[in-house]
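Input: a single structure, listed below in structure tokens.
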Amino acid sequence: MQIIDPRSGKPLTADTGNADAAAPDANQTAVRPEDVIIELNAGNIQQVLEASMKVPVLLGCYSPSNASSSTLLAVLDKLVVEYAGAFLLGKLDIEANPEIGGQLGVQSVPDVKLISQGGLVDGFQGALPEKEVREWLNRYFPAPGEAPPTPEEQAEEALKAGDTAAAREIYQTLMGQYPEHYAYQVAFARVLLAEGQGNEARDVLDNLPPEERDAAPARGVRASIEFSEQALSAEEITALGDRTDSEAQYQRALRQVADGHYDEGLEALLALMKQDRAYNDDAARKTLLQVFDALGADHPLTVAYRRKLFAMLY
């Protein structure tokens with residue numbers, strides 16, 4: 001089997017001393033899947049590993065009977081073309097080639113190994129979501145110039161645009177593909193809250209494992225649920241009109257926090273605290289502390305506004 005460098009169109013060889021071997025052409029980006037994806041077996045794996053002397057090889061070890069393998073391979077198939085020849089993808093069926101899997105130290109699938117210059121560079125196990133696979137690849141390869149948005153980015157854009165139905169559909173798909181990637185369940189709870197389904201959102205959070213349920217992202221959504229239950233509706237906020245009294249200021253700030261506009265809400269609470277510290281038994285300061293707890297101690301807004309609060313108090 002002849003392996004072609006998809007960037008130069010010339011054969012790859014293991015002869016590193018071959019002065020005539022052409023350097024990859026960085027401007028050549030149009031590749032076909034068959035140019036960069038190779039099904040591995042006992043007859044060709046050695047040649048593919050030798051090819052890593054010229055171009056890195058991503059070794060995707062999988063099992064046809066493993067659903068997570070199928071999910072990850074679909075992501076890798078997409079990305080290897082998108083990265084336009086920065087690496088080759090060699091796919092190895094562990095069920096059909098158990099001896100090779102044993103030699104490579106594969107204990108579970110999916111298992112991904114990055115091979116370069118004939119040696120192991122890095123690897124990961126499990127079906128990582130596309131966003132995380134991209135982040136991992138970008139440690140070693142330049143990111144594609146015009147990468148299409150990831151599903152997570154599409155969902156966030158839809159949510160910002162008010163298209164909660166599209167965001168919900170994307171996160172439901174991601175939760176089905178990655179049931180143990182709990183960030184998607186937290187994001188799904190946010191979508192439910194945006195649709196006014198606070199109780200359903202709380203149920204999603206309550207069903208998370210304890211360590212995820214108590215982590216900052218879930219606490220933030222849970223706080224938004226609680227703030228939403230306390231805050232006036234958008235219509236009631238509009239009905240406040242031009243009122244500038246402390247109650248109106250507080251209710252506007254609470255609505256901003258409930259809607260996830262934490263920076264505006266924190267700024268408004270800080271301004272109210274400066275103007276009327278005694279309002280409703282120091283409600284502005286107490287709410288600030290609740291938001292800090294929801295965001296987590298390391299969140300940039302928590303750090304910034306704790307500093308502002310400290311400067312105001314002392």
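Values below: all heavy atoms of this structure, side chains included; hydrogens, waters and symmetry mates excluded.
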TODO: Evaluate the criterion salt bridge (Lys or Arg N to Asp or Glu O under 4.0 Å) for residue pair E82 and R134; output intermediate values, then yes/no.
DONE: CA-CA 11 Å; E82 188 180 309; R134 285 183 184 277; 2.5 Å; yes

- [ ] Using the six-membered ring wherever Trp is involved, compare the ring planes of W136 and F124 and label them parallel, tilted or perpendicular (cut-offs 30° and 60°).
- [x] perpendicular

Task: Exam field: side chain Q185 to backbone P179, donor-acceptor pair closer than 3.5 Å - done: yes

TODO: Report yes if the side chains of L59 and V112 come closer than 4.5 Å at any heavy-atom pair, otherwise no.
DONE: no

TODO: Please check if the side chain of T71 supplies one atom and the backbone of A67 the other of a donor-acceptor pair under 3.5 Å.
DONE: yes

Task: Heavy-atom closest pair, residues A155 and A167 - done: O-CB, 3.6 Å

Task: Check: L92 and L104 side chains under 4.5 Å, non-hydrogen atoms - done: yes

- [ ] Check whether any side-chain heavy atom of E95 lies under 4.5 Å from a side-chain heavy atom of S65, and answer yes or no.
- [x] yes

Task: Heavy-atom side-chain contact between D276 and D245 under 4.5 Å - done: no

- [ ] I would like to know whether Y182 and R213 meet side chain to side chain contact (heavy atoms under 4.5 Å, CB included); could you show each step before the answer?
- [x] CA-CA 9 Å; Y182 299 110; R213 189 168 59 236; over 6 Å; no

- [ ] Please report the closest heavy-atom contact between A218 and L205, naming both atoms and the distance.
- [x] O-CD1, 3.8 Å

Open item on the list: Quick check for you: to the nearest 0.5 Å, what is the distance between L270 atom CG and R285 atom CZ?
Closed with: 12.5 Å

- [ ] Would you check if the side chain of H181 reaches a backbone N or O of A183 as a donor-acceptor pair within less than 3.5 Å?
- [x] no

- [ ] Check for a donor-acceptor pair, side chain of Q154 on one end and backbone N or O of P149 on the other, with a separation under 3.5 Å.
- [x] yes

TODO: Indicate the atoms forming the closest heavy-atom contact of V81 with V31, along with that distance.
DONE: O-CG2, 3.7 Å

Task: L114 side chain near P56 side chain, heavy-atom distance below 4.5 Å - done: yes

TODO: Would you confirm whether S52, through its side chain, and G118, through its main-chain N or O, come within 3.5 Å as a donor-acceptor pair?
DONE: yes

Open item on the list: Check this for me: Q107, atom CD, are more than 12 non-hydrogen atoms of other residues, nucleotides or ligands nearer than 6.0 Å?
Closed with: no

Open item on the list: Within a 6.0 Å radius of atom CD on E247, are there more than 12 heavy atoms belonging to other residues, nucleotides or ligands?
Closed with: yes

Task: Ion pair check, R255 and E236, cut-off under 4.0 Å - done: no

Open item on the list: Between E153 and K131, does any NZ, NE, NH1 or NH2 come within less than 4.0 Å of an OD or OE carboxylate oxygen?
Closed with: no

Task: Lys/Arg N to Asp/Glu carboxylate O, R202 vs E229, below 4.0 Å - done: yes

Task: Flag side-chain contact, heavy atom, 4.5 Å: S246 against Q275 - done: yes

TODO: Run the salt-bridge test on K91 and D93 with the 4.0 Å N-O cut-off and return the result as yes or no.
DONE: no

Task: Verdict with supporting geometry, L89 and V36, side chain to side chain contact (heavy atoms under 4.5 Å, CB included) - done: CA-CA 6 Å; L89 173 61; V36 288; 6.0 Å; no

Open item on the list: Could you check whether any side-chain N or O of D214 sits under 3.5 Å from a backbone N or O of E211, counting only pairs where one atom can act as donor and the other as acceptor?
Closed with: no

Task: Whether over 12 other heavy atoms sit under 6.0 Å from E180 CD - done: no

Task: From S70 atom OG to Y62 atom OH, the distance as rounded to the nearest 0.5 Å - done: 9.0 Å

Open item on the list: Can you list everything that forms a salt bridge (charged side-chain N to carboxylate O under 4.0 Å, His left out) with K274? Sequence neighbours excluded, please.
Closed with: none

Task: Chi angles and distances behind the side chain to side chain contact (heavy atoms under 4.5 Å, CB included) call for F292, L266 - done: CA-CA 9 Å; F292 294 161; L266 287 167; 3.9 Å; yes

Open item on the list: Main chain of H261, side chain of Q256: is a donor-acceptor contact present, judged purely on distance under 3.5 Å?
Closed with: no

Task: Under 3.5 Å side-chain donor-acceptor pair for Y279 and Q249 - done: no

Task: Straight-line distance of L313 CG to K308 NZ, nearest 0.5 Å - done: 14.0 Å

TODO: Step through the shown structure and confirm whether more than 12 heavy atoms of other residues, nucleotides or ligands are within 6.0 Å of CD on E34.
DONE: yes

- [ ] Would you kindly confirm whether V221 and M175 end up in one hydrophobic cluster when ILVMFWY residues are joined by side chain heavy atoms under 4.5 Å apart?
- [x] no

Task: Cluster link V257 to L240, ILVMFWY, side chain under 4.5 Å - done: no

TODO: Quick one: pull up CD in Q125 and CG in L72 and give me the separation to the nearest 0.5 Å.
DONE: 11.0 Å

Task: Ion pair D122/K113, N-O distance below 4.0 Å - done: no

Task: Donor-acceptor contact below 3.5 Å, side chain D203 vs main chain G198 - done: no

Task: 4.5 Å side-chain heavy-atom contact, D293 and Q290 - done: no

Task: L193/S228 under side chain to side chain contact (heavy atoms under 4.5 Å, CB included): CA gap, chis, key distance, verdict - done: CA-CA 9 Å; L193 179 59; S228 291; 3.8 Å; yes

Task: Option passing side chain to side chain contact (heavy atoms under 4.5 Å, CB included) with L58 (candidates L137, V80, L88) - done: L137

Open item on the list: Do Y262 and V303 sit in one hydrophobic cluster, given that two such residues count as connected whenever their side-chain heavy atoms are within less than 4.5 Å of each other, even indirectly?
Closed with: no

Task: Between T173 and Y178: side-chain donor-acceptor atoms closer than 3.5 Å - done: no

Open item on the list: Under 4.5 Å between side-chain heavy atoms, counting indirect links through other Ile/Leu/Val/Met/Phe/Trp/Tyr residues: same cluster for L254 and I237 or not?
Closed with: no

Open item on the list: For a quick test of reading the model, state the closest non-hydrogen atom pair linking A194 to T164 and the distance between them.
Closed with: CB-CG2, 4.0 Å

- [ ] For the pair D206 and R222, evaluate salt bridge (Lys or Arg N to Asp or Glu O under 4.0 Å) and give the outcome as yes or no after the intermediate values.
- [x] CA-CA 10 Å; D206 287 345; R222 193 178 297 278; 3.0 Å; yes

Open item on the list: Please tell me whether E130 and T150 have a donor and an acceptor in their side chains that are separated by less than 3.5 angstrom.
Closed with: no

TODO: Could you tell me whether E156 and K160 make a salt bridge, using a distance below 4.0 angstrom between a side-chain N and a carboxylate O?
DONE: no

- [ ] Before accepting this row, confirm whether a basic side-chain N of the pair D282/R277 lies closer than 4.0 Å to the acidic partner's carboxylate O.
- [x] yes

Task: Test item: side-chain donor near acceptor, Y184 and E152, under 3.5 Å - done: yes

Task: From CZ (R168) to CD (E195), nearest 0.5 Å - done: 4.0 Å

TODO: Please tell me if the side chains of V291 and T302 come closer than 4.5 Å, counting only heavy atoms from C-beta onward.
DONE: no

Task: Heavy-atom pair with the smallest gap, counting every atom of I170 and P151 - done: CG2-O, 3.4 Å

Open item on the list: Testing the 3.5 Å rule here: is there a donor-acceptor pair between the side chains of N66 and S63?
Closed with: no

TODO: First locate atom CG of L76, then atom CZ of F87, and finally report the distance between them rounded to the nearest 0.5 Å.
DONE: 7.5 Å

TODO: Compare every heavy atom of C61 with every heavy atom of V109, then report the nearest pair and how far apart it is.
DONE: CG1-O, 3.7 Å

